[in-house]
Each structure stands twice: as structure tokens, then as C-alpha cells.
> 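Quick one: this structure, given as C-alpha cells, is what I'll be asking you about.
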Amino acid sequence: MSMVSPSEAEEALSAFAARLKNENSASSSDLSILESKLCGPDGVVTALITKLWLPQIDPNNSLSILVHLVGKYPNKYMNAVASAIRHDIEHKFDTTKMDTTEQCYEVSDALILALAKLLVAPNSDTQTGIATDAHAGLLALCKFDNHEYHKSGTCQKLFQHLATLWKYLQQQQKDKIRESSTAQMRIAALMIDVCLLGGKEIALALSDDAGGIMKKLLDLALDFPNKDPLLQMTALDALEGLAVESKNCPMTTERAEFLLGNDKLHNGLLYLIGSSSEDVQFDTINGYAALRLVTEICRVGILSSNSVVESTKTKFNALLRSFQEALHALEPRGESERLSYIYAVSSLVASCATSTEEMSKSILQDTTLLHGWLSLFSRSSQPKLKSSILSSLSQVIEPAIWQDKEDACSDYVSLSLYHAFGEANNQRDPTECVLSSAKSPFVEERLGAYNLLRAMASRRCCVRMLLLYKGDDDNSIFVEWLLNQDTESTNEGRQARFKILESLLADVNNIEGLISTKAFREMQLWMKRGPAHTTAVPWNLATD
């Protein structure tokens, strides 16, 4: 079919718009005529999409036509409209590929509402691409709003519409609960993604000016009694997304203030994990979902507690004390629960150790928690758990988390935890324990041990402990093991061992006088040639 001219397309749209305006509806025959003139549904959508952006003159009110088509013919138009709008937004509002100072497009409030409705539309439950396109399109608009210092107010308008839709969904009848629950979580997922864009966004989500949309999610996740534990679990998982920190989503002060100091969030989570002022037990359904969220909050506190106000620090420290009490009462069963427990204790220890001197002393003296976390013997046949223990200990010792602390403080905590690791494993020498795991036949366990050894080699105070751990022949067992690369056959393992070498040869360690000259030269040669280099040093030459 031949392409129609712009004037013919405009004439066809005008005729259809007139029928829609005069009769509040247009018949199937009217639509058939329009589609025949514009090369089918895709042609109709394409012709209308270009007129959506203000301040263009749009006498036919293209958005109203699209809303009508989606509402009356969802199977034919809903997917096509959602996809077309998404791609048009990503093209017109891409801040990475255009000079936004010349951007002349504006977003109408009606368009934001229309997209928000597509996010929760009934058909989007069976055609997930519709909700995905609506989510992506709205998020792209909010990213542009963030880039333009919120001049357009897109984020606030979106939150207001989402809050209204959320309220409507919560009022649905029982026979529509499943569809309502799915739609509510789509709203929550979009809100979380928008909040990750910056501090202004999460401040809006918490404010009444944007409909109090964050409060709706908190109510869903933390209110008691909760009639829908599965929806509650999904809501807790959504909140966990706020603790995400990456290059593209750096932690903002506003987000840290919320996670570390929000009373409703803390009280609800403590209730679920059985550590509140009320006499409650660990929630059998959602206790571990709450535990994971508190764990992530602890990790946020490690690097962000110094950026928040004093009152927030006080609330966060209170959360840590209650969390410590809750972990004492916890009895994890099965690998999944034990992994959650390991990450929880390690995050708690790191948060307390980098907090006040009093809290650091308290957690380092808590032998019950430390042994429960660091014992390898109780997981003798579970290499994944062993690897998790070793890796989690390496993350606490890792110098990067101690950026605002004195070296003496972090060295003391690191050495204390390393010795606690030995104590938790039948009071063996901690280096003997970790080297035993480094020689394990299971690659997961070896990689965990390599992580710990790399973290130890990154600390000058720990390097001597590694190098001076000697066998009966007075040779350094650690140096012998490191230079004997025949014990590692995987590429991932060789890369990890090379990272140990890099940390060990850092100028600050100055290890040349602590090992034999030949061993030191072999290390330098390995460093020069890279991870693939193999050594051939007789053990009697490894040390003097």
C-alpha cells in the first residue's frame, strides 16, 4: 500500500477526531477507514505519536485519540502504543546523545497519567511488555527531569498519579486481588527506580506533595497484621532496592537518611525479625526477607553513617543494637538461611566496628556471634558456605570500608577478627585455617580463601603475620603456597592469586627483607609477566 502524504494523514485524523469529539466515541467502521488510509494500526500510532509533545499545535488532540484506541481496542492498540511511546521518549529525551540545552519538548500531565495507566493496565498482566515499555518510558522522562534540575516537575507529577492509582488498586474487590497486587508492585518498582536517580526524587517520594507514595510501600511491607504475606515479601524486596549503590546509582544523603533513620522502617523490620519492644517471634514467612533488608541497611551505614545528621546516627546505632540481639536468637536451617545469617552478621560486625568505640568493643567481644559466623567446621561438606564465610570476612578487613577511620583503629579490628577466625575453628592458627581452604579441591572454597588472603595482604600489619607463618623447616608456608602455582588450575583462580601478589608487592608493605632474594625476584617476575606466568622455585629457596 502506498504511503499517504502528511496532509492526507492529517485530514484522516481530523475526521476521526471530529467523530470522537461530537459523539464521544467512534465506530469500528470509522476506525477501519482511518486504518485503511494510514496503512493499518501501526500507521495510525505513528501518525499520532509525533503530536504528543508540547508546545506543538495539536488541534486533533492526538493523546485523546490514543487513549480512546487503547481503551476500546486494547488487544490491537495497547502494545503498539506503549512500545511506540517508549521508543519516541528514548529518542527525544536521551540525555547522552543530544544537546539538552536545545531541547524544546515538554511533557503534558495527561501524557504522564496515560503512561502510568498503561503500567497498571489489566492487559499488561498477560502482556508484560506493555508494563515494561510504560516503566522504561516514564523512567526516561524522570531521568531527563533529573538532568534538567526538575524544572518540568515530571517526577512530582508522576508520583502524584502513581499514588492515586495505588489508592484505587487497594480498593479493588477480592476477586481482583491478584491483578491488584501485581499492579501495586509495578508501581513500587518504578518508584524505587526513580528514587535511585537522586536525592530530590526520594525526598519527593517521602513528601505529602507527591501523594505520600513511599508511605504506601512502607504500609504494605510493614503494617501488622498483614493479610497478604506474599505481597508483603515482594514489598520488602522492593525496599531492598533502595540500598543499592553503584557507579550509576551512588548513595545520596537523602537516601541514606531514610534508610538509617526512618522510625517506621526500623520498627517494622525489627518486629519481623523478632527484636522489638513487643513480645514477638521471628516471622516464619517474611523474617528472612526483613533480615536481608536490615543487612543491606547495615552495609549502607558502613560508608554513609558519617554523612548523616547526628539524630540519624543515633537511630542507626539503636537499630544495630537491636539487630545484634535478634541474631542471637536466630537459628538458621538450610543453606539459604545460613547464607543470610553469614551476610547479616558480617554486615553487623562491619557496621559496629566502623561506628563508635563502644559499639566496636561490644561486637568484637560477642564471641557467640563471631563463632556462629566464622566457624568452618560446621560447614565441612558445604564449600559454598565456607566460601561465603571467607569472602565476608575479607570484606570487613578490606581497607576500602575504613576510609574515614585511623589506620590504628582499622588494623586493630582486622587483627582481632582474624584471630577470632582462628578461635572459631578449634583455636587453630588463622593462617593455617585459611591456607587449608586455599588448598581445597572445591574451587568455590579456594576463591573465598584467596579473597581473604588478598584482603590480608592489603594491610601492612597483616603481611608480616602471613609471611612469618612458618613450618617445621622454618620456611614460610604462605610463600611456598603462593609460589606453587601447580595447585590452581582454573583461570579465575589464577587471576585471584595474582591479585594477592599485587597487594603483597605494594610499596607500602616493603616485603623484600622478609623473604629470600630469589623468592622476591620470582614474585617480581610473576608481577611483570601477569597472571599466566608459572613459577618453578624449589621450596628451600623460598625463604632464607
Side-chain angles (χ1 to χ4, degrees), residues 192 195-196 199-208 212-224 235-236 238-245 250-280 282-283 286-287 289-330 343-363 366 369 401 403-405:
I192 295 298
C195 285
L196 294 178
K200 175 73 172 180
E201 284 77 4
I202 192 166
L204 282 170
L206 289 164
S207 72
D208 293 335
I213 189 169
M214 183 65 76
K215 182 180 183 301
K216 295 184 184 300
L217 180 58
L218 291 174
D219 290 344
L220 202 61
L222 304 170
D223 268 4
F224 300 97
L236 288 166
L239 283 169
E240 190 177 332
L242 286 174
V244 169
E245 184 170 12
M251 182 59 61
T252 62
T253 300
E254 292 85 352
R255 191 146 52 101
E257 287 281 356
F258 168 70
L259 292 168
L260 305 184
N262 186 276
D263 290 329
K264 182 176 178 64
L265 177 64
H266 292 182
N267 292 337
L269 292 174
L270 291 175
Y271 190 99
L272 281 169
I273 64 175
S275 178
S276 70
S277 56
E278 302 179 45
D279 185 19
V280 293
F282 188 87
D283 189 282
N286 285 319
L291 184 81
R292 290 192 296 271
L293 179 49
V294 180
T295 299
E296 293 304 317
I297 291 173
C298 287
R299 293 180 179 178
V300 172
I302 294 169
L303 293 177
S304 301
S305 60
N306 288 333
S307 67
V308 297
V309 298
E310 200 62 36
S311 59
T312 300
K313 288 183 186 179
T314 301
K315 292 178 180 180
F316 177 56
N317 289 338
L319 175 68
L320 294 179
R321 285 189 286 270
S322 297
F323 192 32
Q324 186 174 353
E325 293 175 5
L327 289 173
H328 272 280
L330 193 60
Y343 295 139
V345 177
S346 65
S347 296
L348 173 68
V349 170
S351 293
C352 290
T354 55
S355 181
T356 65
E357 183 178 348
E358 177 186 356
M359 297 197 71
S360 177
K361 183 177 180 181
S362 171
I363 199 66
D366 193 338
L369 278 189
I401 75 165
Q403 55 186 9
D404 296 320
K405 301 293 181 182

> For Y343, enumerate each residue passing the ring pair (Phe, Tyr, Trp, His ring centres under 6.0 Å) test, keeping only those at least two apart in sequence or located in another chain.
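Partners of Y343 under the ring pair (Phe, Tyr, Trp, His ring centres under 6.0 Å) test: none.
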> Does the pair R299/E296 count as a salt bridge with the N-to-O cut at 4.0 Å?
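The answer is yes: the pair qualifies as a salt bridge.
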> Applying side chain to side chain donor-acceptor pair (under 3.5 Å), name anything that partners R292, two or more places apart in sequence or on another chain.
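Residues passing side chain to side chain donor-acceptor pair (under 3.5 Å) with R292: none at all.
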> Roughly how far apart are L369 CG and I363 CD1, rounded to 0.5 Å?
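So the CG of L369 and the CD1 of I363 are separated by 5.5 Å.
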> Look up atom CD1 in I192 and atom CD1 in I202, then write down how far apart they are to the nearest 0.5 Å.
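That separation rounds to 7.5 Å.
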> Quick one: salt bridge (Lys or Arg N to Asp or Glu O under 4.0 Å) partners of D223, sequence neighbours excluded?
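Checked D223 against salt bridge (Lys or Arg N to Asp or Glu O under 4.0 Å); matches are K264.
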> Looking at K215, E201, M214, which hits side-chain contact (heavy atoms from CB on, under 4.5 Å) with L206?
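Per the side-chain contact (heavy atoms from CB on, under 4.5 Å) rule, the option paired with L206 is M214, out of K215, E201, M214.
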> Which residues satisfy the side chain to side chain contact (heavy atoms under 4.5 Å, CB included) test with A203, sequence neighbours excluded?
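Not a single residue meets the side chain to side chain contact (heavy atoms under 4.5 Å, CB included) criterion with A203.
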> Treating T295 as the side-chain partner and L291 as the backbone partner, does any N or O pair qualify as donor plus acceptor under 3.5 Å?
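Between the backbone of L291 and the side chain of T295 there is a qualifying donor-acceptor contact (under 3.5 Å).
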> Among all residues two or more places apart in sequence or in another chain, which pass the salt bridge (Lys or Arg N to Asp or Glu O under 4.0 Å) test with D208?
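D208 satisfies salt bridge (Lys or Arg N to Asp or Glu O under 4.0 Å) with no residue once adjacent residues are dropped.
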> Suppose the criterion is side-chain hydrogen bond (donor to acceptor under 3.5 Å, both in side chains): which pairs have a residue in residues 250-259, not counting sequence neighbours?
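side-chain hydrogen bond (donor to acceptor under 3.5 Å, both in side chains) check on residues 250-259 returns E257-T312.
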> Measure from the side-chain N and O atoms of T354 to the backbone N and O of S351, and report whether any donor-acceptor pair falls under 3.5 Å.
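Side chain of T354 to backbone of S351: a pair is present.
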